[in-house]
Number of protein chains: 2
Amino acid sequence: MMRKKESTDYANEQSLFQLCERNSAISMISGRWKGQIVYYISQGYDRFHLLQQKLPNISETVLARQLKELESHAILIKREIPNTVPTGIKYILTNKGIDLVPILDSLCNWGKMYADGKKITLAADQQF
Amino acid sequence: MMRKKESTDYANEQSLFQLCERNSAISMISGRWKGQIVYYISQGYDRFHLLQQKLPNISETVLARQLKELESHAILIKREIPNTVPTGIKYILTNKGIDLVPILDSLCNWGKMYADGKKITLAADQQF
DNA sequence: TTTTCTACTAACAATTTTGTCAGGTATTGT
DNA sequence: ACAATACCTGACAAAATTGTTAGTAGAAAA
């Protein structure tokens, strides 16, 4: 475990992680529903009422708001579906949104991997 | 873009993503400071006052609270440092915490990759 | 005409998260 | 004794997020 700057540490310190706003990326996905919305859209549940079906505990208002926020972060965009009965709109992920999916997936795997029993394990060099 | 279950879709639908609590993993890291705290501890800034130096805008109280929350999620643990001047404590990442670091890193890369200009790009099959 | 459907929005209330203030312990140095 | 360092905690205020209620529009079906 390294401390402060040593020359071997340089690449690490200079990493995007160091300079970027760690939190802006986190805040873009940290709504109560955003992860699930992005996921379901990626699965083809790309219309308002389909998302409502998939997320039965979210109200219309809240869903609309979350979609708007995702749109403002350029994670998805709205698109009118031509020739639809009462003017349908579908939501499609931008490339940014598509790239987010595997990251959310790995976050979720991480959560699940350590879900059971809350057993705490440490790296070998931290053992005692 | 697929809809509902088709046999080719099975693996996808069965993915951990589908079954796990997408949000529990997200909520563990979505504090205003948690990402940064985990990162700095991984970089060796493993003591209370070192974290304070690295995060000058966080108050003592809030830092202590965030650390406690991370501890309650088994992302880190406290450990007394023997023979220290006024009883030092250091924070070490559990394996769970260590595994989180590259995920936060990729989240951050993702954020940075799309940071400039907010240009929206779409996948080829969504073009128009 | 009234209802239904889809896709919203504004206004406000409830809840959750953050931040601030004022302590508190334990040890060492002066 | 008094100050300083390191690490907290409880109580409460401020701010942000989420949820609720009531409404909108435009078109088609009853």
Side-chain angles (χ1 to χ4, degrees), chain A residues 3 21-38 40-41 44-73 75-93, chain B residues 3 21-38 40-41 44-73 75-93:
Chain A
R3 277 171 203 261
E21 300 266 326
R22 266 171 283 297
N23 290 317
S24 76
I26 292 173
S27 73
M28 284 186 209
I29 60 155
S30 64
R32 180 104 81 234
W33 307 100
K34 296 215 182 83
Q36 301 188 68
I37 291 170
V38 169
Y40 282 125
I41 293 175
Y45 302 100
D46 57 0
R47 302 203 43 186
F48 198 90
H49 62 277
L50 294 174
L51 290 168
Q52 277 192 102
Q53 281 164 30
K54 280 287 161 183
L55 301 162
N57 297 316
I58 193 172
S59 73
E60 262 184 86
T61 317
V62 173
L63 178 55
R65 199 154 55 200
Q66 299 276 312
L67 286 165
K68 222 178 169 187
E69 282 171 36
L70 288 166
E71 210 188 339
S72 80
H73 292 313
I75 290 168
L76 55 80
I77 61 170
K78 282 191 283 192
R79 174 171 291 173
E80 281 194 23
I81 312 171
N83 315 321
T84 37
V85 193
T87 344
I89 281 178
K90 70 175 183 178
Y91 300 92
I92 62 176
L93 296 180
Chain B
R3 276 170 204 262
E21 299 267 325
R22 265 170 285 295
N23 290 318
S24 76
I26 292 174
S27 73
M28 283 186 210
I29 59 155
S30 65
R32 180 106 80 233
W33 306 100
K34 296 213 182 87
Q36 302 188 67
I37 291 169
V38 169
Y40 283 125
I41 293 174
Y45 302 100
D46 57 0
R47 300 201 48 184
F48 197 89
H49 62 279
L50 294 174
L51 290 168
Q52 275 190 301
Q53 281 164 29
K54 281 286 161 186
L55 302 162
N57 297 315
I58 194 173
S59 71
E60 262 184 85
T61 317
V62 174
L63 178 55
R65 201 155 54 201
Q66 300 277 313
L67 285 165
K68 222 176 169 187
E69 282 170 38
L70 287 166
E71 210 188 338
S72 80
H73 291 313
I75 290 168
L76 55 80
I77 60 168
K78 283 192 282 192
R79 174 170 291 173
E80 281 195 23
I81 313 169
N83 314 323
T84 36
V85 192
T87 345
I89 280 177
K90 69 176 183 179
Y91 299 92
I92 62 177
L93 295 180

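In this text the structure is predicted, and so the values were computed from the model without any measurement. Each chain gets a letter, A, B and so on, in the order the sequences are listed, and its residues count up from 1.
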[X] [atom1] to [N] [atom2]: how many Å, rounded?
X	N	atom1	atom2	result
B:Ile89	C:dA26	CD1	C1'	11 Å
B:Leu50	D:dT5	CG	P	15 Å
A:Trp33	C:dT16	CH2	P	13 Å
A:Ile26	D:dT17	CD1	C1'	17 Å
A:Glu80	D:dG26	CD	C1'	11 Å
A:Leu55	D:dG19	CG	C1'	15 Å
B:Arg32	D:dA14	CZ	C1'	11 Å
B:Leu70	C:dT17	CG	C1'	15 Å

Practice task
With DNA chain D as reference, determine whether A:Asn57 or A:Glu60 sits nearer its 5' end, using the nearest nucleotide of each.
Solution key: A:Asn57
Exercise for the section: Give the ring-plane orientation class for A:Tyr91 versus A:Phe48, where under 30° counts as parallel, over 60° as perpendicular and anything between as tilted. Expected result: tilted
Using OP1 and OP2 only, check whether a side-chain N or O of [X] sits under 4.0 Å from [N].
X	N	answer
A:Arg47	C:dA7	yes
B:His49	D:dT5	no
B:Lys78	D:dC8	yes
B:Gln66	C:dT17	no
A:Lys68	C:dT9	yes
A:Arg65	C:dA10	no

[X] and [Y]: which non-hydrogen atoms are nearest, and at how many Å?
X	Y	value
A:Ile89	A:Arg47	O-NE, 3.5 Å
A:Arg32	A:Gln66	N-OE1, 4.4 Å
B:Lys34	B:Leu70	CD-CD2, 3.5 Å

Practice task
Take A:Ile58 and A:Leu51 through the side chain to side chain contact (heavy atoms under 4.5 Å, CB included) test and state the conclusion after the steps.
Solution key: CA-CA 9 Å; A:Ile58 193 172; A:Leu51 290 168; over 6 Å; no
Practice task
Assess whether one donor atom and one acceptor atom, taken from the side chain of B:Thr61 and the base of C:dC21, lie less than 3.5 Å apart.
Solution key: yes
Problem - Check: C:dT18 base within 3.5 Å donor-acceptor of B:Ser59 side chain - result: no
Exercise for the section: Compare the minimum distances between each of D:dC8, C:dG19, C:dC8 and the side chain of B:Tyr91, then state the nucleotide with the smallest one. Expected result: D:dC8
